Amino acid sequence: MNDELEYRAVLAVDIERSAGRGDRALLEIRARLTEMLKEAFEASGVDWSACLRHDLGDGLRVTAPAGTRKAALVHPLVPELALRLRTYNRGAAPLTRIRVRIALHAGDVHVSPDGTVAGSPLEVLARLLDAPPARAALAGAPETVPASLLLSGHFYDETVRHGHLGLFPEDFRKVGFTVKEHTADAWLQLPGREPPQGPDTAGAAPEPADVQEEPAGSGAAGSKMVNKASGHGVVYATQHGTQHIRIERKH
């Protein structure tokens with residue numbers, strides 16, 4: 001086994017609601033997504049041919065070349081991909097429209113001579129890709145919004161927080177999530193959509209069908225609001241705190 005570690009940025013995308021479309025539609029959207037990702041990487045100055053790619057079935061994981069500037073994977077790569085997705089969706093049939101969740105992380109990974117990549121950063125990336133806040137945000141956004149983006153705290157701190165060219169911290173929202181054994185905070189954005197206004201605005205969640213609020217002084221440290229979002233789960237928002245979203249799937 002190769003014991004050498006390399007610091008790499010890793011990106012993953014997953015196609016929303018890909019199941020049930022049939023093999024022909026799935027093959028079509030997978031091919032088109034790969035094509036648009038390649039174009040977005042190249043438009044961002046990242047050599048696609050030097051990237052290590054892993055098929056996720058209904059998505060793709062990409063390990064960027066060593067030395068890639070991480071900020072470029074947020075901007076211009078994400079806007080470039082979102083633009084291509086939105087343009088494509090205008091002329092696509094319902095079965096072949098594409099909306100995706102995008103996750104970004106970075107860390108030390110093992111890179112084998114055959115291009116296999118392994119290590120705990122990939123586990124974190126997988127949890128980010130499946131995080132309930134990213135799922136709920138995209139599901140509750142207008143159909144014209146083609147993607148949700150979730151950055152790990154590490155990735156955000158080294159890129160967006162510094163306000164590099166094209167990166168605006170106010171466009172991101174801090175969210176907490178738990179997937180399997182992994183609990184963390186991350187930073188959420190809906191590319192192409194105006195950021196929510198105010199600290200108590202649940203802009204990253206679907207429109208609530210039912211709202212219950214406990215008055216302050218009821219024994220909690222602050223008022224707690226439970227939004228029951230039809231079809232997507234329950235949104236727990238504590239005033240002036242971190243937003244937590246739990247997805248409840250029907251089996």
Side-chain angles (χ1 to χ4, degrees), residues 1-15 33-34 37-38 40-81 100-135 147-167 169 171-189 191 242:
M1 177 180 176
N2 178 17
D3 290 328
E4 293 297 323
L5 293 173
E6 297 183 19
Y7 183 81
R8 297 288 190 100
V10 287
L11 175 148
V13 294
D14 187 86
I15 301 169
L33 175 59
T34 301
L37 265 174
K38 177 179 182 291
F41 267 80
E42 292 178 345
S44 304
V46 181
D47 184 359
W48 179 254
S49 65
C51 293
L52 301 174
R53 302 183 292 276
H54 179 75
D55 190 346
L56 300 179
D58 51 3
L60 200 67
R61 187 184 75 215
V62 181
T63 302
T68 297
R69 191 172 66 90
K70 292 196 300 297
L73 299 180
V74 185
H75 181 89
L77 192 148
V78 172
E80 289 284 349
L81 178 59
V100 299
R101 299 188 313 281
I102 308 167
L104 277 166
H105 185 45
D108 292 333
V109 297
H110 296 271
V111 181
S112 300
D114 64 358
T116 301
V117 184
S120 58
L122 301 186
E123 296 176 5
V124 174
L125 184 70
R127 305 301 178 252
L128 288 164
L129 192 62
D130 201 35
R135 288 182 176 275
S148 67
L149 169 66
L150 196 64
L151 308 182
S152 68
H154 170 69
F155 205 100
Y156 176 92
D157 285 343
E158 293 200 342
T159 56
V160 177
R161 185 174 66 85
H162 299 288
H164 294 303
L165 183 65
L167 301 179
D171 289 350
F172 290 80
R173 185 179 191 82
K174 189 177 184 180
V175 296
F177 71 95
T178 298
V179 175
K180 295 184 178 180
E181 76 291 346
H182 185 78
T183 298
D185 290 331
W187 293 87
L188 176 68
Q189 183 197 40
T242 299

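Everything numeric here is computed off the predicted structure, so don't read it as measured data. Heavy-atom basis, side chains included; hydrogens, waters and symmetry copies ignored.
With rounding to the nearest 0.5 Å, the separation of CG in Leu11 from CG in Leu60 is 8.5 Å. Trp48 CH2 to Thr34 OG1: the interatomic distance, rounded to the nearest 0.5 Å, is 6.5 Å. Considering CD1 of Ile15 and CG of Leu56, their distance stands at 10.0 Å, rounded to 0.5 Å. Separating the CG atom in Leu122 from the NE2 atom in His110 is a distance of 10.0 Å, to the nearest 0.5 Å. Taking CG from Asp130 and NZ from Lys180, the interatomic distance works out to 7.5 Å, rounded to the nearest 0.5 Å. Rounding to the nearest 0.5 Å gives a distance of 4.5 Å between NZ of Lys174 and CG of Asp185.
Contact detail for Ala106 and His154: the closest heavy-atom pair is O-CD2, 3.4 Å. Scanning all heavy atoms of the two residues, the minimum distance from Val10 to Leu125 falls at O-CD1, 3.7 Å. For the residue pair Pro76 and Ala43, the shortest heavy atom distance occurs at CG-O, 4.3 Å. Across Pro65 and Asp47, no two heavy atoms sit closer than the pair CG-O, 4.1 Å. Between Phe177 and Ala186, the closest heavy-atom pair is CE2-CB, 3.9 Å. The nearest pair of heavy atoms linking Cys51 to Ala64 is SG-CA, 4.3 Å.
Residues Val175 and Leu150 form a side-chain contact, since some pair of their non-hydrogen atoms from C-beta on lies under 4.5 Å apart. Between Asp171 and Pro191, every side-chain heavy-atom pair lies at or beyond the 4.5 Å cut-off. Side-chain contact between Tyr7 and Lys70 is present, with heavy atoms from C-beta onward closer than 4.5 Å. Taking 4.5 Å as the limit, some side-chain heavy atom of His182 sits within range of a side-chain heavy atom of Val124.
Of the possible polar contacts, none joining the His105 side chain to the Ala9 backbone as a donor-acceptor pair under 3.5 Å is found. Ser44 places a side-chain N or O within 3.5 Å of a backbone atom of Leu77 that can act as its donor or acceptor partner. A distance-only check finds no donor-acceptor pair linking the side chain of Arg173 to the backbone of Leu188 [under 3.5 Å]. Between the side chain of Arg8 and the main chain of Pro121, no donor-acceptor pair closer than 3.5 Å is present.
A salt bridge links Glu42 with Lys38: the closest approach of a Lys/Arg side-chain nitrogen to an acidic carboxylate oxygen falls below 4.0 angstrom.
Looking at residues two or more places apart in sequence or on another chain, you find a side chain to side chain contact (heavy atoms under 4.5 Å, CB included) between Val160 and Val74, Leu151, Tyr156, Leu167, Pro169, Phe172. Checked against salt bridge (Lys or Arg N to Asp or Glu O under 4.0 Å), Arg61 has no partners two or more places apart in sequence or in another chain.
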